[in-house]
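Just below is one structure, and these are the notes that go with it.
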Amino acid sequence: MAARYSHLNSIPSGRNVRIIQDRRVLSDAYVPETLPGRDEQILMFEEHLEPLLFNEPPSHMAFTGMAGTGKTAVAKHVLRHKSEELRGAPVRFIYINCSQANTSYRVMYQLNRAFGILVPPSGYPYDVLEDNFRKAFLEADVRMFLVLDEVDLLVRRDGGRLLYSLTRMNYDLDLRRNSVTVLGISNTLNFLDRLDRRVLSSYNPDRIFFQPYSADELYNILLQRARLGLRPGSWEDAALRRIAAKVAREGGDARRAIDLLRMAATLAERDRSGKLTEDHVEQAEIRVDESEVQVAIRTLPFHHLLVLKAAVDLLLAGDPRPGTGKIYERYERYARRFLVSPLTMRRVSAILRELESQGIIEIEMSYGGARGNTKVVRGTALPPLRLKEILNEVTRV
DNA sequence: TATCCACCGGAAGATGGGGTAT
DNA sequence: ATACCCCATCTTCCGGTGGATA
């Protein structure tokens, strides 16, 4: 039996060209045993959870920091250890990511499920779900520690309604037995400032700030992943250093560093040289950008495509910084050509912002006085010509 | 100094498409 | 069949914005 698959191990010229040993380690979803560069935050978080050991309610918390600074990793890492330490104690840890559950209803739906209640995922009165949850929570007779990851996405929609009613519950509970504690994780630094007074007075979290990773910290992260996921001796140190330096310059996003490492390792494996070098990193930089933008564009709704097409065509026609007005004019023509009625300028203006937040275009405000305050497309993630090619592929269907 | 330009972006409401309950 | 409910997307409305211009 084994012999049948022996060709999998036979490598030409006896050299080992495999590089990746465990691909899972090279994904940002993987949470390693230690988190380089985040000792301070881990310690602070653990201290905040200390009261649970004495059956007392911890205070609410907020993690803030740019994308890829380890907020989610620290939360998961610490919670994993704490829930073992507190095994058997009347404590319930719940993690909910608000990028999927971005309305009060959907978070409440998840909370119902967490307490074993099955309710329809939509079409049901919200009040019923809230009542369900309250009853089940009291029934369970526990302290709840709820992590709301990417909570800013939820707050943007519901205005803090859920945050308020959850934290407000503590005022009606017997805190000697039950409590609700919320940890909100947010990518936007000012999300607390945007909360309503009433919400803030009952949520009022202790904050832990996550600064961007330095080049050294990124290097340590990459080294850790390489040791865990790559074949020993299959990478050049300079390759890791190069990723670390580049990503640190761009803003210290560990997710991006890990993406680059995975892509570089994949490319290195593909060319069968058996070693991951700086050259592979250089190729990976282009590939990662390209594939991210391609995926983003492919999933764009139709009107977004038309708006993007209008902007790209203006750039190609020689306008270095096309503004909303011109883009809208051209977009209108395209819409009619495709026999759909054009959206309003208000909406197109918002679509430009959405294209920006997807990293497809770069926008800058232009305070042009008599010519108006306008958004201006300053640049694109890929060369305009390349974008046009991708757009043509997508709109052909 | 007042006014204007040309768009910004928040708020609220309409619309239509998904669902559940009776 | 009817009466609800949730939700994403879009429109309508409207008070800013800040240099240019009168």
Side-chain angles (χ1 to χ4, degrees), chain A residues 96-113 117-134 148 150-166 188 190-200 296-297 299-308 310-311 314-315 319-336 338-358 360-378:
Chain A
I96 294 175
N97 189 317
C98 301
S99 69
Q100 282 110 59
N102 57 8
T103 64
S104 303
Y105 185 93
R106 284 204 268 263
V107 173
M108 204 44 92
Y109 167 77
Q110 296 287 351
L111 285 174
N112 273 252
R113 291 191 57 155
I117 308 164
L118 279 180
V119 285
S122 77
Y124 219 66
Y126 174 76
D127 300 3
V128 177
L129 267 66
E130 201 171 311
D131 284 352
N132 281 349
F133 163 70
R134 287 191 138 86
L148 293 177
E150 309 200 47
V151 67
D152 45 316
L153 298 179
L154 169 68
V155 170
R156 190 191 304 172
R157 279 241 208 330
D158 86 338
R161 165 183 173 187
L162 183 103
L163 220 43
Y164 180 76
S165 56
L166 281 179
T188 59
N190 62 348
F191 118 91
L192 285 176
D193 308 335
R194 297 166 57 152
L195 283 177
D196 192 47
R197 287 221 158 285
R198 284 172 358 117
V199 181
L200 208 53
I297 291 181
T299 57
L300 240 35
F302 188 61
H303 284 280
H304 287 61
L305 291 172
L306 293 185
V307 172
L308 179 59
L314 280 166
L315 284 168
D319 188 339
R321 299 156 60 82
T324 307
K326 280 191 177 177
I327 293 174
Y328 185 69
E329 252 178 53
R330 194 170 270 246
Y331 154 80
E332 257 187 315
R333 291 214 306 272
Y334 290 165
R336 292 194 213 291
F338 280 98
L339 302 175
V340 296
S341 48
L343 304 173
T344 57
M345 188 189 274
R346 175 74 190 84
R347 179 64 189 131
V348 168
S349 175
I351 286 175
L352 283 170
R353 276 268 175 255
E354 288 165 29
L355 292 174
E356 180 196 36
S357 73
Q358 295 223 36
I360 298 170
I361 61 176
E362 273 177 70
I363 281 176
E364 189 180 88
M365 292 306 292
S366 147
Y367 304 105
R371 281 183 294 104
N373 300 344
T374 297
K375 286 198 280 280
V376 161
V377 175
R378 180 182 52 182

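Residue numbers begin at 1 in each chain, while the letters A, B, ... track the order of the sequences.
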For A:Glu354, side chain to side chain donor-acceptor pair (under 3.5 Å) partners two or more places apart: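 Expected list: A:His304, A:Arg347.
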Tell me the interatomic distance from A:Ile351, atom CD1, to C:dC10, atom C1', rounded to whole angstroms.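 For the pair A:Ile351 CD1 and C:dC10 C1', the rounded distance is 9 Å.
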Using the side-chain heavy atoms of A:Tyr367, tell me which of these nucleotides is nearest: C:dC5, C:dG18, B:dC7.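 Shortest atom-to-atom distance from the side chain points to C:dG18.
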Between C:dG18, C:dC6, B:dC7, which nucleotide has the shortest distance from any of its atoms to the side chain of A:Tyr126?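 For the A:Tyr126 side chain, the nearest candidate turns out to be C:dC6.
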Applying salt bridge (Lys or Arg N to Asp or Glu O under 4.0 Å), can you list everything that pairs with [X], at least two apart in sequence or on another chain?
X        : answer
A:Arg336 : A:Glu332
A:Asp196 : A:Arg198
A:Asp319 : A:Lys326
A:Arg161 : none

Got a list of protein N/O to nucleotides 7-9 of chain C N/O distances below 3.5 Å?
from	atom 1	to	atom 2	distance (Å)
C:dC7	OP1	A:Thr103	OG1	2.8
C:dA8	OP1	A:Arg106	NH2	2.3
C:dA8	OP2	A:Arg157	NE	3.1

Strictly below 4.0 Å, N to O, side chains only: are A:Glu364 and A:Arg321 in salt-bridge contact?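 So A:Glu364 pairs with A:Arg321 through a salt bridge.
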Below the 4.0 Å mark, does [N] have OP1 or OP2 next to a side-chain nitrogen or oxygen of [X]?
X        : N      : result
A:Thr324 : B:dC8  : yes
A:Lys375 : B:dG9  : yes
A:Thr344 : C:dT11 : yes

I want to confirm an ordering. Mapping A:Ser349 and A:Tyr124 to their closest nucleotides on DNA chain B, which one lands closer to the 5' end?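 The residue closer to the strand's 5' end, by nearest nucleotide, is A:Ser349.
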Using a cut-off of under 3.5 Å, enumerate the N/O to N/O pairs linking the protein to nucleotides 10-17 of chain B.
from	atom 1	to	atom 2	distance (Å)
B:dG10	N7	A:Arg346	NH2	3.0
B:dG10	O6	A:Arg346	NE	2.8

For A:Tyr328, which residues count as a ring pair (Phe, Tyr, Trp, His ring centres under 6.0 Å) partner, sequence neighbours excluded?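 Counting only residues at least two positions away or on another chain, A:Tyr328 forms a ring pair (Phe, Tyr, Trp, His ring centres under 6.0 Å) with A:Tyr331.
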Scan for side-chain hydrogen bond (donor to acceptor under 3.5 Å, both in side chains) pairs involving residues 120-131 of chain A, sequence neighbours excluded, and state none if there are none.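 Checked against side-chain hydrogen bond (donor to acceptor under 3.5 Å, both in side chains) - neighbours excluded - the pairs reaching residues 120-131 of chain A are A:Tyr126-A:Glu130, A:Glu130-A:Arg134.
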